[in-house]
Amino acid sequence: MREIKSNQIKAIVKKFKTNMIIWLVVALFGAAIFVLSIHMNDIRKSTDFHEILATGENTQNKLVSVEVNEKPYVFAYYPGDNSGKFYFLWDEEYMYVAFLNETEYKKLNTDSIHDNPIKVSGITKTIPSDIKKLALEAYNENVEKENQLTSSEFNEFFGVLYLDQTEVDPAMVICLIVGIIAWMTGFICFITQIILFIRLKGKLKKISDEDFEKLNEELDAEEAFYYKNAKLSLTKSYIVDFAHGLKVIKYSDLLWMYKYEYRYNGVNTQLSIILYTEDKKRHVVAALPGYTKKSKELNREIMESIMDKNQKMLVGYTKENRAKMKEDYKIRA
């Protein structure tokens with residue numbers, strides 16, 4: 001790229017580079033949050049399940065864990081539900097009700113678990129009445145009569161909660177969603193900025209060396225005027241549109257100019273200027289809110305300034321001008 005001397009063009013290049021860095025950081029942040037959410041249960045500290053049960057409170061949606069040192073015992077499942085089954089779990093002292101998927105069950109169903117306890121994490125949920133009944137029946141069938149429990153003793157022995165290993169932690173879901181949104185937004189915007197920056201470099205390359213040097217000088221000259229709201233600069237020889245990166249139009253190339261009003265439900269929502277050049281291209285510049293007095297004044301001021309630089313072009317969207325453009329330049333508008 002040739003040396004850029006104009007402060008305005010330098011500002012555009014810097015803005016693109018800054019935006020690329022910002023969106024790259026957003027994408028990397030989103031990716032990090034996404035990875036963190038996947039491994040959240042391994043990183044996040046869980047509460048011992050027995051501590052929650054000991055309070056006697058119905059504390060749901062709490063991340064808890066159990067150091068299991070006995071093979072699980074299945075006692076119930078819902079027909080058609082392939083997500084998991086209900087099991088009895090044991091640690092060194094207590095017995096628990098848990099809902100495990102098949103993969104977790106196979107991991108725990110090993111002869112070495114007694115010597116090498118395996119940590120199981122999950123979310124606390126209230127034990128349904130039908131599962132409570134089946135758990136009580138299964139327990140009583142496997143113990144001596146004097147050790148059997150009554151329904152009134154169930155809560156004291158098992159508690160009111162079970163560990164659902166298949167349930168996704170709400171905090172993990174939130175992190176997962178935030179991570180995906182941040183990554184996708186950052187990645188898409190980063191690629192968009194790269195494409196726009198490449199297009200900017202391409203536009204600058206297409207400008208001849210003579211025009212490039214002249215443009216650099218004129219943009220920072222005292223007689224040049226920058227319309228911030230319209231993102232447009234008018235120099236001695238050029239119209240420079242910054243709304244979509246950089247568009248340079250010579251006054252001498254203009255054939256036709258007219259005001260364009262976009263209306264929605266009868267309301268003028270946007271006001272802009274349409275320019276046609278000798279290469280038969282249509283250019284939309286100086287897009288402004290169409291419903292303000294300031295926009296209308298600014299639109300008129302810009303058009304008058306352009307008219308002063310080219311006395312030969314046609315001005316206004318009239319029947320006569322449309323016919324002349326069609327006849328002389330094969331331009332339909």
- Message: Does any part of the side chain of Leu215, heavy atoms only, come nearer than 4.5 Å to the side chain of Ile9, both counted from C-beta?
- Response: yes
- Message: Taking Trp23 as the starting point, is it possible to reach Phe16 by hopping between hydrophobic residues whose side chains are less than 4.5 Å apart?
- Response: yes
- Message: My understanding is that only residues two or more places apart in sequence, or in another chain, count here; which of them pass side chain to side chain donor-acceptor pair (under 3.5 Å) with Thr59?
- Response: none
- Query: Is the Tyr87 to Phe75 ring centre distance short of 6.0 Å?
  - Reply: no
- Task: Report yes or no: does Gln148 contribute a side-chain atom to a donor-acceptor pair with the main-chain N or O of Asn140 at less than 3.5 Å?
- Result: yes
- Query: In terms of side-chain heavy atoms, does Asn101 have a donor or acceptor partner in Lys85 at a distance below 3.5 Å?
  - Reply: no
- Query: Counting heavy atoms not belonging to Asp279, are there more than 12 under 6.0 Å from its CG?
  - Reply: yes
- Query: What pairs meet the salt bridge (Lys or Arg N to Asp or Glu O under 4.0 Å) rule with one or both residues in residues 155-164, with sequence neighbours excluded?
  - Reply: Lys125-Asp164
- Do Val68 and Trp90 share a hydrophobic cluster (ILVMFWY, side-chain heavy atoms under 4.5 Å, transitive)? no
- Query: Is atom CD of Glu297 surrounded by more than 12 heavy atoms (other residues, nucleotides or ligands) closer than 6.0 Å?
  - Reply: yes
- Message: Once rounded to the nearest 0.5 Å, what's the spacing between atom CG of Asn7 and atom CD1 of Ile12?
- Response: 11.5 Å
- Phe197 versus Val13: any side-chain heavy-atom pair under 4.5 Å? yes
- Query: Do Ile21 and Ile194 share a hydrophobic cluster (ILVMFWY, side-chain heavy atoms under 4.5 Å, transitive)?
  - Reply: no
- Query: Looking at CD of Gln165 and CG of Leu89, how far apart are the two atoms once the value is rounded to the nearest 0.5 Å?
  - Reply: 9.5 Å
- Residue set satisfying salt bridge (charged side-chain N to carboxylate O under 4.0 Å, His left out) with Asp130, at least two apart, ordered chain then number -> none
- Task: Using distance alone, with no hydrogens and no angle criterion, decide if Thr150 and Ser152 have a side-chain donor and acceptor under 3.5 Å apart.
- Result: yes
- Query: By side chain to side chain donor-acceptor pair (under 3.5 Å), which residues pair with Lys250, not counting sequence neighbours?
  - Reply: Asp211
- Message: Once side-chain contact (heavy atoms from CB on, under 4.5 Å) is applied, do any residues pair with Lys15, and if so which ones, sequence neighbours excluded?
- Response: Asn19
- Query: Given side chains that start at C-beta, do those of Tyr238 and Ile249 come closer than 4.5 Å, heavy atoms only?
  - Reply: no
- Query: Got a salt bridge between Glu213 and Lys5, using NZ or NE/NH1/NH2 to carboxylate O under 4.0 Å?
  - Reply: yes
- Query: Counting N and O atoms only, with roles assigned by atom type, does the side chain of Gln270 sit under 3.5 Å from a partner on the main chain of Pro289, one being a donor and the other an acceptor?
  - Reply: no
- Single-linkage hydrophobic cluster, 4.5 Å side-chain cutoff, Phe225 and Leu275 together: yes
- Message: Would you say that Ile239 contacts Leu232 through its side chain, given a criterion of any heavy-atom pair below 4.5 Å between the two side chains?
- Response: yes
- Task: Please examine the side chains of Val26 and Phe187, heavy atoms only from C-beta on, and report whether any two atoms are closer than 4.5 Å.
- Result: no
- Message: So, taking the atom named CG in Asp48 and the one named NZ in Lys119, what distance separates them when rounded to the nearest 0.5 Å?
- Response: 9.5 Å
- Which of these passes side-chain contact (heavy atoms from CB on, under 4.5 Å) with Leu163: Val120, Ile123, Thr124? Val120
- Item | Neighbour count above 12 (heavy atom, 6.0 Å) for Glu222 CD | no
- Item | Cluster overlap Val143 with Phe86, hydrophobic side-chain contacts below 4.5 Å | yes
- Task: I would like to know whether Lys132 and Asn155 meet side chain to side chain donor-acceptor pair (under 3.5 Å); could you show each step before the answer?
- Result: CA-CA 9 Å; Lys132 184 182 293 187; Asn155 289 355; 3.2 Å; yes
- Query: Excluding sequence neighbours, so at least two apart, what forms side-chain contact (heavy atoms from CB on, under 4.5 Å) with Lys319?
  - Reply: none
- Query: Can you tell me how far the CG atom of Asp328 sits from the NZ atom of Lys330, to the nearest 0.5 Å?
  - Reply: 8.0 Å
- Query: How about Val240 and Lys247: do any of their side-chain heavy atoms sit closer than 4.5 Å?
  - Reply: no
- Query: Any idea which heavy atoms bring Gln8 and Asp220 closest together, and the distance?
  - Reply: N-OD1, 4.2 Å
- Among residues two or more places apart or on two chains, list those pairs meeting side-chain hydrogen bond (donor to acceptor under 3.5 Å, both in side chains) that have a residue in residues 300-314. Tyr227-Glu301
- Would you call the rings of Phe99 and Tyr162 parallel, tilted or perpendicular, where under 30° means parallel and over 60° means perpendicular? perpendicular
- Message: Checking Lys71 now: which residues fulfil salt bridge (charged side-chain N to carboxylate O under 4.0 Å, His left out) with it, not counting sequence neighbours?
- Response: Asp111
- Query: CZ of Arg263: more than 12 outside heavy atoms within 6.0 angstrom?
  - Reply: yes
- Task: Supply the members, apart from Tyr77, of the Ile/Leu/Val/Met/Phe/Trp/Tyr cluster built from side-chain contacts under 4.5 Å; use none for a lone residue.
- Result: none
- Note on the structure: CD (Glu141) and CG (Leu136) are apart, to the nearest 0.5 Å, by 10.0 Å
- Query: What distance do Ser233 atom OG and Leu246 atom CG have between them, rounded to the nearest 0.5 Å?
  - Reply: 10.0 Å
- Query: Is the closest side-chain donor-acceptor distance between Asn321 and Thr318 under 3.5 Å?
  - Reply: yes
- Message: Apply the hydrophobic cluster definition, ILVMFWY joined by side-chain contacts under 4.5 Å directly or through others, and give me every member besides Tyr276.
- Response: Leu255, Trp256, Tyr258, Tyr260, Tyr262, Tyr264, Ile274, Val284, Leu314, Tyr317, Met325, Tyr329, Ile331
- Message: So Tyr96 and Asp91, do their side chains get closer than 4.5 Å, heavy atoms only?
- Response: yes
- Sequence neighbours excluded, the answer for salt bridge (charged side-chain N to carboxylate O under 4.0 Å, His left out) partners of Asp209 is Arg2
- Does any N or O in the side chain of Arg322 come within less than 3.5 Å of the main-chain N or O of Ala333, such that one atom is a donor and the other an acceptor? yes
- Message: Counting only heavy atoms not in Lys17 (residues, nucleotides, ligands), do more than 12 fall under 6.0 Å from its NZ?
- Response: no
- Message: When you compare the side chain of Gln60 with that of Thr126, does any pair of heavy atoms fall below 4.5 Å?
- Response: yes
- Return the orientation label for the Phe242 and Tyr226 ring planes: parallel under 30°, perpendicular over 60°, tilted otherwise. perpendicular
- Message: For a quick test of reading the model, state the closest non-hydrogen atom pair linking Leu271 to Ser295 and the distance between them.
- Response: CD2-O, 3.8 Å
- Hey, could you give me each pair passing ring pair (Phe, Tyr, Trp, His ring centres under 6.0 Å) that has a residue in residues 124-144? Not counting sequence neighbours. Tyr139-Phe157, Tyr139-Phe158
